[in-house]
Amino acid sequence: MKKNMIYTAIASVLLASTLGFGSVAHADDANTGAAANVNTQTYSDGTNNANVAVNGTLGADNTKPDAGIPEGSDKWVNVTLDTATIFYNTSTDTKIIAPTYNITNNSGRPVSVKVNSFTQNDQKDISQIASLNVAMKRNDGVGTATNLITSGSLSNVSQASSLQLANVNGNLAKGDTAVTGNNKATFTYNGAVSQKLTTEIQPSFTMNLLFTPTSW
(Lines give C-alpha, C1' and ligand atoms only; values in the text may rest on other atoms or scores of the structure.)
Protein backbone atom coordinates (compact mmCIF):
# COMPACT_ATOMS: atom_id res chain seq x y z
CA MET A 1 0.00 0.00 0.00
CA LYS A 2 1.34 3.40 -0.94
CA LYS A 3 1.10 6.21 1.56
CA ASN A 4 1.04 9.70 0.07
CA MET A 5 1.73 12.84 2.09
CA ILE A 6 2.44 16.53 1.59
CA TYR A 7 5.70 17.66 3.20
CA THR A 8 7.31 21.01 3.80
CA ALA A 9 11.07 20.37 4.31
CA ILE A 10 12.38 16.92 5.27
CA ALA A 11 10.59 13.64 4.62
CA SER A 12 11.30 10.14 5.87
CA VAL A 13 10.36 7.19 3.69
CA LEU A 14 9.61 3.96 5.50
CA LEU A 15 11.15 1.19 3.45
CA ALA A 16 9.99 -2.38 3.96
CA SER A 17 11.48 -5.34 2.14
CA THR A 18 10.97 -9.00 1.40
CA LEU A 19 14.01 -10.99 0.28
CA GLY A 20 13.76 -14.58 -0.82
CA PHE A 21 9.99 -14.29 -1.07
CA GLY A 22 8.47 -17.62 -2.26
CA SER A 23 7.37 -17.94 -6.08
CA VAL A 24 4.41 16.98 3.90
CA ALA A 25 8.06 17.18 6.90
CA HIS A 26 7.72 20.62 8.40
CA ALA A 27 9.72 23.70 7.48
CA ASP A 28 12.70 24.53 9.64
CA ASP A 29 11.80 27.83 11.32
CA ALA A 30 15.50 28.56 11.81
CA ASN A 31 16.00 28.80 8.03
CA THR A 32 13.86 31.85 7.27
CA GLY A 33 15.83 32.97 4.22
CA ALA A 34 17.87 36.03 3.36
CA ALA A 35 16.51 39.56 3.66
CA ALA A 36 15.38 41.00 0.33
CA ASN A 37 14.95 44.56 -1.01
CA VAL A 38 17.12 45.99 1.78
CA ASN A 39 17.61 49.77 1.68
CA THR A 40 20.59 50.58 3.91
CA GLN A 41 21.25 54.14 5.07
CA THR A 42 23.88 55.68 7.33
CA TYR A 43 23.00 58.48 9.76
CA SER A 44 26.15 60.37 10.72
CA ASP A 45 24.98 63.96 11.14
CA GLY A 46 23.80 63.64 14.72
CA THR A 47 20.28 62.47 13.85
CA ASN A 48 19.16 60.36 16.80
CA ASN A 49 16.26 58.48 15.13
CA ALA A 50 15.40 56.67 11.90
CA ASN A 51 12.24 55.49 10.17
CA VAL A 52 12.17 51.82 9.16
CA ALA A 53 9.55 50.65 6.63
CA VAL A 54 7.75 47.52 7.82
CA ASN A 55 5.78 45.57 5.20
CA GLY A 56 4.08 42.31 6.11
CA THR A 57 2.77 39.33 4.14
CA LEU A 58 0.26 37.24 6.05
CA GLY A 59 -1.01 33.93 4.72
CA ALA A 60 1.67 33.75 2.02
CA ASP A 61 0.93 31.05 -0.60
CA ASN A 62 4.19 29.23 -1.36
CA THR A 63 2.73 27.74 -4.55
CA LYS A 64 2.90 31.21 -6.15
CA PRO A 65 6.26 32.42 -7.54
CA ASP A 66 5.53 35.96 -6.30
CA ALA A 67 4.72 34.92 -2.72
CA GLY A 68 6.27 37.28 -0.18
CA ILE A 69 8.69 34.67 1.20
CA PRO A 70 12.45 35.38 1.43
CA GLU A 71 14.65 33.51 -1.04
CA GLY A 72 16.22 30.36 0.41
CA SER A 73 13.66 29.95 3.17
CA ASP A 74 12.44 26.43 3.86
CA LYS A 75 8.95 27.95 3.88
CA TRP A 76 9.11 27.57 0.07
CA VAL A 77 9.18 23.77 0.39
CA ASN A 78 5.85 22.18 -0.58
CA VAL A 79 6.32 18.60 -1.78
CA THR A 80 4.00 15.60 -2.14
CA LEU A 81 5.56 12.12 -2.12
CA ASP A 82 4.94 8.46 -1.40
CA THR A 83 6.27 7.64 2.07
CA ALA A 84 5.68 3.89 2.44
CA THR A 85 7.72 1.87 -0.02
CA ILE A 86 9.04 -1.65 -0.59
CA PHE A 87 11.69 -3.63 -2.46
CA TYR A 88 11.80 -7.40 -2.88
CA ASN A 89 13.07 -10.41 -4.76
CA THR A 90 12.02 -14.06 -5.04
CA SER A 91 13.72 -17.29 -4.06
CA THR A 92 14.30 -18.08 -7.75
CA ASP A 93 16.20 -14.88 -8.54
CA THR A 94 19.02 -12.69 -7.21
CA LYS A 95 17.70 -9.42 -8.67
CA ILE A 96 16.09 -6.87 -6.33
CA ILE A 97 13.19 -4.91 -7.82
CA ALA A 98 10.54 -2.46 -6.59
CA PRO A 99 7.44 -0.56 -7.68
CA THR A 100 7.74 3.02 -8.93
CA TYR A 101 6.91 5.85 -6.52
CA ASN A 102 6.22 9.55 -7.03
CA ILE A 103 7.46 12.98 -5.89
CA THR A 104 5.74 16.24 -6.90
CA ASN A 105 6.96 19.78 -6.21
CA ASN A 106 3.99 22.09 -5.54
CA SER A 107 6.15 25.13 -4.74
CA GLY A 108 6.57 28.43 -6.54
CA ARG A 109 10.33 27.74 -6.41
CA PRO A 110 12.35 24.82 -7.79
CA VAL A 111 13.31 22.32 -5.10
CA SER A 112 16.22 19.88 -5.06
CA VAL A 113 15.81 16.47 -3.44
CA LYS A 114 18.51 14.11 -2.19
CA VAL A 115 18.97 11.19 0.18
CA ASN A 116 19.83 12.72 3.55
CA SER A 117 20.24 9.48 5.53
CA PHE A 118 19.47 5.77 5.32
CA THR A 119 19.14 3.70 8.49
CA GLN A 120 18.06 0.18 9.43
CA ASN A 121 15.13 -0.06 11.87
CA ASP A 122 15.85 -3.58 13.13
CA GLN A 123 18.63 -6.13 13.63
CA LYS A 124 17.72 -8.41 10.71
CA ASP A 125 20.62 -9.93 8.79
CA ILE A 126 21.32 -7.94 5.59
CA SER A 127 24.66 -9.58 4.78
CA GLN A 128 23.11 -11.21 1.69
CA ILE A 129 22.28 -7.84 0.11
CA ALA A 130 25.09 -7.32 -2.38
CA SER A 131 23.74 -3.93 -3.47
CA LEU A 132 20.70 -1.71 -3.04
CA ASN A 133 20.22 1.61 -4.82
CA VAL A 134 17.52 4.25 -5.09
CA ALA A 135 17.09 5.83 -8.51
CA MET A 136 15.23 9.13 -9.01
CA LYS A 137 14.16 10.42 -12.43
CA ARG A 138 12.50 13.68 -13.41
CA ASN A 139 9.76 13.57 -16.05
CA ASP A 140 12.17 14.75 -18.77
CA GLY A 141 14.47 11.81 -18.08
CA VAL A 142 17.13 13.59 -16.01
CA GLY A 143 17.95 11.43 -13.02
CA THR A 144 20.30 10.47 -10.22
CA ALA A 145 21.08 7.29 -8.29
CA THR A 146 22.33 6.73 -4.74
CA ASN A 147 23.82 3.56 -3.34
CA LEU A 148 22.16 2.58 -0.03
CA ILE A 149 23.73 -0.82 0.76
CA THR A 150 26.98 -2.40 -0.47
CA SER A 151 28.13 -5.91 0.41
CA GLY A 152 25.75 -6.21 3.34
CA SER A 153 26.63 -2.85 4.92
CA LEU A 154 24.85 0.50 4.91
CA SER A 155 26.55 2.97 2.58
CA ASN A 156 27.68 6.49 3.39
CA VAL A 157 25.12 8.71 1.66
CA SER A 158 26.60 12.04 2.76
CA GLN A 159 27.77 12.75 -0.80
CA ALA A 160 24.50 11.74 -2.46
CA SER A 161 23.66 13.64 -5.63
CA SER A 162 20.55 15.81 -5.70
CA LEU A 163 17.83 16.04 -8.33
CA GLN A 164 16.26 19.42 -8.99
CA LEU A 165 12.51 19.58 -9.56
CA ALA A 166 11.04 22.53 -11.42
CA ASN A 167 8.55 24.78 -9.68
CA VAL A 168 4.83 24.11 -9.94
CA ASN A 169 4.74 25.92 -13.31
CA GLY A 170 7.60 23.87 -14.79
CA ASN A 171 10.37 26.49 -14.40
CA LEU A 172 13.85 25.36 -13.31
CA ALA A 173 15.09 28.97 -13.22
CA LYS A 174 13.52 32.41 -13.23
CA GLY A 175 12.49 33.43 -16.73
CA ASP A 176 13.35 30.13 -18.43
CA THR A 177 10.99 28.20 -20.69
CA ALA A 178 8.59 26.19 -18.58
CA VAL A 179 8.45 22.45 -19.24
CA THR A 180 5.17 20.93 -18.12
CA GLY A 181 5.71 18.00 -15.77
CA ASN A 182 9.29 18.80 -14.76
CA ASN A 183 8.04 19.45 -11.23
CA LYS A 184 7.47 15.69 -10.96
CA ALA A 185 9.82 12.75 -10.54
CA THR A 186 9.65 9.04 -9.83
CA PHE A 187 11.87 6.90 -7.61
CA THR A 188 12.43 3.17 -7.30
CA TYR A 189 14.90 0.67 -5.86
CA ASN A 190 17.18 -1.81 -7.59
CA GLY A 191 20.04 -4.10 -6.66
CA ALA A 192 20.86 -7.73 -6.02
CA VAL A 193 21.41 -10.37 -3.35
CA SER A 194 24.64 -12.34 -3.33
CA GLN A 195 22.88 -15.65 -3.92
CA LYS A 196 19.41 -17.15 -4.26
CA LEU A 197 17.83 -17.27 -0.82
CA THR A 198 15.96 -20.25 0.58
CA THR A 199 14.88 -18.42 3.75
CA GLU A 200 12.77 -15.27 3.69
CA ILE A 201 14.31 -12.14 5.26
CA GLN A 202 12.31 -8.96 5.94
CA PRO A 203 14.53 -6.08 7.12
CA SER A 204 13.07 -2.58 7.58
CA PHE A 205 14.74 0.75 6.82
CA THR A 206 14.05 4.49 6.90
CA MET A 207 15.27 6.72 4.07
CA ASN A 208 15.31 10.42 4.92
CA LEU A 209 15.02 12.83 1.99
CA LEU A 210 16.19 16.43 2.15
CA PHE A 211 14.40 19.18 0.18
CA THR A 212 16.19 22.44 -0.56
CA PRO A 213 14.46 25.36 -2.32
CA THR A 214 16.32 27.12 -5.13
CA SER A 215 16.64 30.90 -4.92
CA TRP A 216 16.01 33.12 -7.91
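Below, each value reflects all heavy atoms present in this structure, side chains not excepted, and no hydrogens, waters or symmetry copies.
Side-chain atoms of S155 and N147 include a donor-acceptor pair closer than 3.5 Å. With hydrogens and angles left out, the side-chain atoms of N105 and N183 include no donor and acceptor closer than 3.5 Å. Side chains of T63 and N106: no donor on one and acceptor on the other come within 3.5 Å. Between the side chains of N121 and S204, at least one donor-acceptor pair of N or O atoms lies under 3.5 Å. Of the N and O atoms on the side chains of T214 and Q164, at least one donor lies less than 3.5 Å from an acceptor on the other residue. Side-chain atoms of N133 and N190 form a donor-acceptor pair, as typed in the model, at a separation below 3.5 Å.
Between F187 and Y101, the ring planes are tilted. Angles from 30° to 60° get that label.
In the hydrophobic clustering of ILVMFWY residues, with side-chain heavy atoms under 4.5 Å counting as a link, V179 and L165 come out apart. Hydrophobic clustering of Ile, Leu, Val, Met, Phe, Trp and Tyr side chains at less than 4.5 Å, counting indirect connections, unites V79 with V142. Hydrophobic cluster membership is shared by I149 and M207, with clusters built from Ile, Leu, Val, Met, Phe, Trp and Tyr side chains linked at under 4.5 angstrom.
No donor-acceptor pair under 3.5 Å is formed between the side chain of D93 and the backbone N or O of T90. A donor-acceptor pair under 3.5 Å is absent between the side-chain atoms of R109 and the main chain of N167, judged by distance alone.
Looking at heavy atoms from C-beta onward, T206 lies out of side-chain contact with F118 at the 4.5 angstrom threshold. Side-chain contact check for T212 versus V111: every heavy-atom pair is 4.5 Å or farther apart.
For the atom pair CE (M136) and OG1 (T144), the distance works out to 7.5 Å, reported to the nearest 0.5 Å. Of the inter-residue distances, the one linking L148 atom CG with T119 atom OG1 reads 11.0 Å to the nearest 0.5 angstrom. In this structure, CG on L209 lies 8.0 Å from CG on N116, to the nearest 0.5 angstrom. To the nearest 0.5 Å, the span separating CD1 on I69 from CH2 on W76 amounts to 5.0 Å. If you take CG on N89 and CG on L197, they are separated by 6.0 Å, rounding to the nearest 0.5 Å. The line from CD1 of I129 to CD1 of I201 is 7.5 Å long, rounded to the nearest 0.5 Å.
Residues P213 and G72 share a closest heavy-atom pair of CG-O, 4.0 Å. K174 and W216 get closest at one heavy-atom pair: N-CE3, 2.9 Å. Summarising the geometry of Q120 relative to P203, their closest heavy-atom pair is NE2-CB, 4.0 Å, with the distance given to 0.1 Å. The two atoms that bring L163 and A185 nearest to each other are CD2-CB, 4.0 Å, heavy atoms only. Of all non-hydrogen atoms in L172 and R138, the two that sit nearest each other are CD2-NH1, 3.8 Å.
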Determine, stepwise, if the pair T85 / Y189 fulfils side chain to side chain donor-acceptor pair (under 3.5 Å). CA-CA 9 Å; T85 66; Y189 309 99; 2.9 Å; yes

Is there a side chain to side chain contact (heavy atoms under 4.5 Å, CB included) between L81 and T104 once you walk through the steps? CA-CA 6 Å; L81 73 157; T104 300; over 6 Å; no

Between T188 and V134, is the side chain to side chain contact (heavy atoms under 4.5 Å, CB included) condition met? List the steps. CA-CA 6 Å; T188 190; V134 58; over 6 Å; no

Dump the intermediate steps for side chain to side chain contact (heavy atoms under 4.5 Å, CB included) on I103 and T80, then the final yes or no. CA-CA 6 Å; I103 305 175; T80 303; over 6 Å; no

Evaluate the criterion side chain to side chain contact (heavy atoms under 4.5 Å, CB included) for residue pair L132 and I126; output intermediate values, then yes/no. CA-CA 11 Å; L132 179 69; I126 61 171; over 6 Å; no

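Applying the 6.0 Å contact sphere to CG of D45 captures more than 12 heavy atoms from other residues, nucleotides or ligands.
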